[in-house]
2 protein chains.
Amino acid sequence: MTVENRRARSPRGSGDDLRDALVTATAKLLETHDLNALSVRTVTSATGVSPTALYLHFTDLPELLRAVKARFFGDLRDQLTAVGGTGRDRVKALALAYLAYAREYEGRYAVMFHAHRRTDAPSTPAAELVELGWAAFEPLIAAVGAVLPDASVDEIRETSLELWLALHGRAQLSVAMPWFELPDEGRYVDRLVRQVLG
Amino acid sequence: MTVENRRARSPRGSGDDLRDALVTATAKLLETHDLNALSVRTVTSATGVSPTALYLHFTDLPELLRAVKARFFGDLRDQLTAVGGTGRDRVKALALAYLAYAREYEGRYAVMFHAHRRTDAPSTPAAELVELGWAAFEPLIAAVGAVLPDASVDEIRETSLELWLALHGRAQLSVAMPWFELPDEGRYVDRLVRQVLG
DNA sequence: ACCTGAACACCGTTCAAGT
DNA sequence: ACCTGAACACCGTTCAAGT
């Protein structure tokens, strides 16, 4: 992974500028590079600082990646809240927007649902991520609630989750196994919404 | 990642013994360790050979991981073909067996559907993996076909895929975000099968 | 035929130091 | 207050050599 030579960054005014710059640079690199092509050195080099500068704002590389994940979940939520429509059409539009996000930003989606951890760490839930995940999920819950006015909160949540898990299954598979041919997104969403919403 | 000191392996009789030993050792390490805790050195050390011995049987580390993935898909297929039952009960039993595999072997599932690649490599489909993926999928297709005797091959495939994508969505999410609380597996499968199979 | 050892350019992270 | 440089124990991979 060769990174263009940038001029060394002048000492900065203050605050979280470098932190933001590192997150932005990492997000950009993920558009064109694999997750494990990311290193402290490529990220800092792309930002124009020394490798050790990363540790001024993050405890380690995984924490930087968590911050990047958080940004991606925020972006996804923004895309979904911008979706229009009402009733069942709105549910379908949200489903299509979700699949579109995964398709357009494959690298992001791979990182957002990347299965790391495993025994070593105490599986730190990273409260911020939990919250952002739920926040991104909310528009779908609201849209499903509008379609099922007589359903309880639990029923709405369960139904929304079924929709989301089917969307995630398709999105994640297409990222993990791009060679696996899947039916048209529109058709998939039509059938899914009919099956789950009745 | 500390690995117990093993005696150096004596020169072997012949053939693919070392290859198998490396795949087995890697599979075992994945039961307790994260994917990126795997290295050429931990794998070969666990096998009792020098780091460079890996290159006698694999072009590089990713190819070893592909071989491990292939073994896991074979295992999954074995588990699914061992499932009994007929009709709709068989479909449900297969779904539960699928989720059970992902739950019991989280590390395996994470590797099987790990989204690597991305621009650098030409996204080598790895024909062997494609075939093994389909082979693991076949039992479900057959079970769905038995439930829908009047359906066309395409309809059966599409319906089976919908079932599988919903199962994969749940399985992969539980591996990627274990802190996300999901409804009971039995209830999920009951509702899913009713929704998709009508 | 099968495996090892030394060597290469990397890697994440720490810590003392610079401005 | 903010950032760098040298150093540490690692990493994947190559290649010449050992038995």
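The sequence lines fix the lettering, A, B, ..., with proteins before strands; numbering per chain opens at 1.
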C/dT4 phosphate, OP1 or OP2, under 4.0 Å from B/T52 side-chain N/O: no
Presence of B/S39 side-chain N/O under 4.0 Å of D/dC11 phosphate oxygens OP1/OP2: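 For D/dC11, OP1/OP2 do have a side-chain N/O of B/S39 under 4.0 Å.
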I need the [atom1]-[atom2] distance between [X] and [N], as an integer number of Å.
{"X": "B/D60", "N": "D/dC11", "atom1": "CG", "atom2": "P", "answer": "17 Å"}
{"X": "B/N36", "N": "D/dC11", "atom1": "CG", "atom2": "C1'", "answer": "12 Å"}
{"X": "A/L54", "N": "D/dG5", "atom1": "CG", "atom2": "P", "answer": "16 Å"}
{"X": "B/F58", "N": "D/dT13", "atom1": "CZ", "atom2": "P", "answer": "13 Å"}
{"X": "A/L38", "N": "C/dT13", "atom1": "CG", "atom2": "C1'", "answer": "17 Å"}
{"X": "B/R19", "N": "C/dC2", "atom1": "CZ", "atom2": "C1'", "answer": "16 Å"}
{"X": "B/E63", "N": "D/dG12", "atom1": "CD", "atom2": "P", "answer": "16 Å"}
{"X": "B/L56", "N": "D/dA17", "atom1": "CG", "atom2": "C1'", "answer": "14 Å"}

Could you work out which one of [options] sits closest to the side chain of [X]?
{"X": "B/P62", "options": "C/dG12, D/dT13, C/dT4", "answer": "D/dT13"}
{"X": "A/R41", "options": "D/dT13, C/dT4, C/dC11", "answer": "C/dC11"}
{"X": "A/Y55", "options": "C/dT13, D/dC11, D/dT4", "answer": "C/dT13"}

Nearest heavy-atom neighbours spanning B/D184 and B/R170: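 Shortest heavy-atom contact: O-NH1, 4.0 Å.
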Base-pairing string, 5' to 3', of DNA chain C - Watson-Crick or wobble, under 3.5 Å, | interstrand: ||.|||||...|||||.||
Residues forming a side-chain hydrogen bond (donor to acceptor under 3.5 Å, both in side chains) with B/Q79, sequence neighbours excluded: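 Testing B/Q79 for side-chain hydrogen bond (donor to acceptor under 3.5 Å, both in side chains), a comparison that skips the adjacent residues, returns none.
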For the rings on [X] and [Y], is their centre-to-centre separation under 6.0 Å?
{"X": "B/Y109", "Y": "B/Y105", "result": "no"}
{"X": "B/H168", "Y": "B/F137", "result": "no"}
{"X": "B/F73", "Y": "B/W134", "result": "no"}

Salt bridge present between A/E138 and A/R77 (N-O < 4.0 angstrom): yes
Sub-4.5 Å side-chain heavy-atom contact between B/T24 and B/R71: yes
Sugar-phosphate, base or nothing in reach of B/L61, heavy atoms under 4.0 Å: sugar-phosphate
